[in-house]
Engineer: 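Supplied in structure tokens, the structure appears directly below.
Residue numbers start from 1 in every chain, and the chains themselves are labelled A, B, ... in the order their sequence lines are given, proteins ahead of strands.
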Amino acid sequence: MTGTTETNTANVNVPLRYTDPDHQDAHQFLVEEAATLDRQDFAGWLRLLAEDIRYVMPVRVTTARGAGFDSLADMGHFDEDMYALRKRVERFGTQHAWTEDPPSRTRRLVTNVRTFRTGHGELRVESYLLLFRSRGDTRDHDLLSAGRADILRPAPDGHRLARREITVDESVLRTQNLALFL
Amino acid sequence: MLDVAAVVADVRRGMIPAHVYNDPEIFALERDRLFSRAWVFLAHESEIPEPGDYVVRRVLADSFIVARDEDGTVRAMFNMCLHRGMQVCRAEMGNASHFRCPYHAWTYRNDGRLVGLPFHVDAYGGEDGFAKEGQSLLPAPALDVHQGLIFISLDPDAPPLRDHLGDFAFYLDLYARQSPAGLELRGPQRWRIKANWKIGAENFAGDSYHTPHTHASVVDIGLFREPKANKRKEGALYTAGPGAGTTYKLPPGDLTTRLRHVGYPDEMITRMRGAWTRAQRGLVENDGFMISAATLFPNLSLVHNWPKIDDSGTVVPFISLRQWQPVSANETEVLSWFAVDAAAPEPFKRDSYKAYVMCFGSSGMFEQDDVENWVSITDVAAGTMARRLNLNSRMGLTSAGKPLKPPLAGFSGPGTAYQGFGEFNQRHWLSMWGDHLLRPPPVHTSADMGAAR
Ligand code: FES
Ligand SMILES: [Fe+2]
């Protein structure tokens, strides 16, 4: 049983102004990424990722205030490298990925974007995500609420996502599976 | 009005009234007759290694604090204050020497003993009004541990756990004891699915028939070679004691070759050779079967698979434990742990964890398609027509109820094993389920807290 430090503490540094071109680039990247995922263009999504991507979503847990951790350091809902993400995308491309056939209707609402310059020419971008998911005609919809902390790396034709840490706000997810990306 | 005897009689014929997968009356019987009696998994000792470590787990609506006290003893205590019933612990894990109730500050040590009661003399006149000495949070009526797996039963007259496990311990230990160090668990991932809890339990017990189709996509992408239909039907299905499981047939070879085939490094193979009995080794070495999915009645399942974890085709095995925690007739909380031999080398643990996250759990590529099926079944089992449909669960039997082919002769493990597809294991699970539903609930006494003695 090990935990990371508390994850719901906001970055206390001052983010870039909204008028800063780096912030605007980062914000636009996230909005375009959401549109790519919502139209289920997974191949297009993979092209936004750096080859050495780390894509993690730690399990959130309910702990006492002062326990010093509220997520598990050694267990995630996702803990992915490029191989694992490619396999997931490849699977959706087969005729046999039943869970998303018929597909979910999703809408990713991306807000509260804060951009920070790092020392290495990369951008650290924090955002809030509310993912609405509707399946079939008899089930209630699902909502996934999460914060995301990303590292965007400059590339000749824009940016690549080099790291994403997803801080999900539920300890017990209320969606049948994570056959989707956040 | 539910005729439970008729339902169980149908089940014993291998005909399953479809409504049992979404029926509040059935669910009430399961709560009162099954989960009030059966041994139910709560946690693993490796989740609470240090004195004061605790996790909070449930058996349906009953919350238990599973804690290791200062002497190292593991206890499960009903998470309800003796005074007015507040939950004394509202975190799901942590480390504490005491639990102080938020309502009126009664305080309990991590062994459950009531040690603090504000204004005991002023408010109660001391021991005469409330006998505090010797009071403690209600302990689970029965608690027992096997290979670090902590089980409780709500029936104080439950048989000893080891007696209950019976022949299934042989198979359970193949997962849980790859070395004397035993397992360490990580997690669990927890999520809720709109599916009846029985479906997952039955599926893991023996549904090798679904693998080639439901999981066709993971074969398509080359993640796991084995589920192809022809390979899957060469596996053996076994029932043993309160458990049942599936296996895969391995290519020819001795113990070492076959364990290497599924991705174990030699140092782990050496430890397995030492930790397993001759018969346990024989299952792999002589019979060529490797454990895959299994269910210990009622709601603990295990899985052991060996996918490819990188582009160079490295095969690495993983173990997962999962619990189908009933919420209602149509909802289940899944708790899914990654488990690994505590003595395994760190690189193996890292790779095995990667294999697990890709395949099972909340985002797992196997699990995704399983759950879609189970939610769909539950959804349509709620209606009127489902009460007119008895599902066929007779695979592997002739019309006269005889097995299509004889049990495997010379099988190294205990119990009964068949090679090929069949629903022997699901019928075995459902037969135990029927036994419970027909038994009246266990008798119990109520405990008066602190009343005059
Ligand atoms: S309910 Fe716990 S102290 Fe009163
Ligand atoms: Fe499955």
Engineer: Is it the case that atom CZ in A/F132 sees more than 12 heavy atoms from other parts of the structure closer than 6.0 Å?
Structural biologist: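 Yes - once you tally the heavy atoms of other residues, nucleotides and ligands closer than 6.0 Å, there are more than 12.
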
Engineer: For the CD atom of B/E367 and the CD atom of A/Q176, what is their distance to the nearest 0.5 Å?
Structural biologist: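 So the gap between those two atoms works out to 11.0 Å.
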
Engineer: Should we say atom CZ of B/R225 is surrounded by more than 12 heavy atoms from elsewhere, each under 6.0 Å from it?
Structural biologist: yes

Engineer: With side chain to side chain contact (heavy atoms under 4.5 Å, CB included) as the test, would you mind laying out the steps for B/F338 and A/M75 before giving the verdict?
Structural biologist: CA-CA 8 Å; B/F338 165 66; A/M75 173 56 76; 3.4 Å; yes

Engineer: Does atom CG (A/D140) have a neighbourhood of more than 12 heavy atoms from anything else shown, all under 6.0 Å?
Structural biologist: no

Engineer: Could you have a look at A/T99, A/D101, A/L178 and say which one has the most heavy-atom pairs with chain B under 4.5 angstrom?
Structural biologist: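 Ranked by contacts with chain B, first place is A/T99.
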
Engineer: Which one wins on heavy-atom pair count under 4.5 Å against chain A: B/S376, B/S217, B/C89, B/A216?
Structural biologist: B/S217

Engineer: Chain B heavy atoms under 4.5 Å from A/E80: which part of the residue, side chain, backbone, both or neither?
Structural biologist: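 For A/E80, the contact with chain B is made by the side chain alone.
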
Engineer: Quick one: of B/I309, B/D310, B/V371, who has the most non-hydrogen atom pairs under 4.5 Å with chain A?
Structural biologist: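 Most heavy-atom pairs under 4.5 Å with chain A: B/D310.
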
Engineer: Relative to chain A, which segment of B/E333 carries a heavy atom at a distance below 4.5 Å: side chain, backbone, both, or neither?
Structural biologist: side chain

Engineer: Give a yes or no on whether A/F92 atom CZ has more than 12 heavy-atom contacts from other residues, nucleotides or ligands under 6.0 Å away.
Structural biologist: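 Atom CZ in A/F92 is crowded, with more than 12 foreign heavy atoms closer than 6.0 Å.
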
Engineer: Under a 4.0 Å N-O cut-off, is there an ion pair linking A/R139 with B/E331?
Structural biologist: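 Not counted as a salt bridge, because no side-chain N and carboxylate O are separated by less than 4.0 Å.
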
Engineer: Please report the C-alpha distance between A/F69 and B/M93 in whole Å, then the side-chain angles of each, then the deciding distance to 0.1 Å, and finally whether the side chain to side chain contact (heavy atoms under 4.5 Å, CB included) criterion is met.
Structural biologist: CA-CA 10 Å; A/F69 70 99; B/M93 57 167 54; 3.7 Å; yes

Engineer: Need one label for A/D81: side chain, backbone, both or neither, based on atoms under 4.5 Å from any heavy atom in chain B.
Structural biologist: side chain

Engineer: Identify which part of B/D379 has an atom lying under 4.5 Å from any heavy atom of chain A, answering side chain, backbone, both or neither.
Structural biologist: side chain

Engineer: If you apply the rule side chain to side chain donor-acceptor pair (under 3.5 Å), what do you find for B/Q368 with A/R91, and how did you get there?
Structural biologist: CA-CA 11 Å; B/Q368 289 178 12; A/R91 195 181 92 79; 2.6 Å; yes

Engineer: A/T175 versus chain B, heavy atoms under 4.5 Å apart: side chain, backbone, both or neither?
Structural biologist: backbone

Engineer: Checking the side chain of B/D220 only, and the main-chain atoms of A/T94 only, is there a donor and an acceptor separated by less than 3.5 Å?
Structural biologist: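 A pair under 3.5 Å: no.
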
Engineer: To the nearest 0.5 Å, how far apart are CZ in B/R190 and CD in A/E170?
Structural biologist: 11.0 Å

Engineer: Which bit of A/V61 comes within less than 4.5 Å of chain B, counting heavy atoms only: side chain, backbone, both or neither?
Structural biologist: both

Engineer: Say you draw a straight line from CG of A/L173 to CZ of B/R192; how long is it, rounded to the nearest 0.5 Å?
Structural biologist: 11.5 Å

Engineer: Examine distances only and state if a side-chain atom of B/Q189 and a backbone atom of A/G76 form a donor-acceptor pair shorter than 3.5 Å.
Structural biologist: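 A pair under 3.5 Å: yes.
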
Engineer: What parts of residues 342-360 of chain B touch chain A if we use heavy atoms and a cut-off under 4.5 Å?
Structural biologist: B/Y353, B/K354, B/Y356, B/V357, B/M358

Engineer: Answer yes or no: are there more than 12 heavy-atom neighbours, outside A/R174 itself, under 6.0 Å from its atom CZ?
Structural biologist: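 Yes, CZ of A/R174 has more than 12 neighbouring heavy atoms, counting only those of other groups under 6.0 Å.
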
Engineer: Taking A/R88 for its side chain and B/S363 for its backbone only, find out whether a donor-acceptor pair lies under 3.5 Å.
Structural biologist: yes

Engineer: Checking ring-ring contact (aromatic ring centres under 6.0 Å, His included) for the pair A/W98/B/H213: CA distance, chi angles, key distance, verdict?
Structural biologist: CA-CA 10 Å; A/W98 317 115; B/H213 190 65; 4.8 Å; yes

Engineer: When heavy-atom pairs shorter than 4.5 Å are enumerated against chain A, which of B/L335, B/I221, B/I193, B/V56 gives the highest number?
Structural biologist: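 Heavy-atom pairs under 4.5 Å are most numerous for B/I221.
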
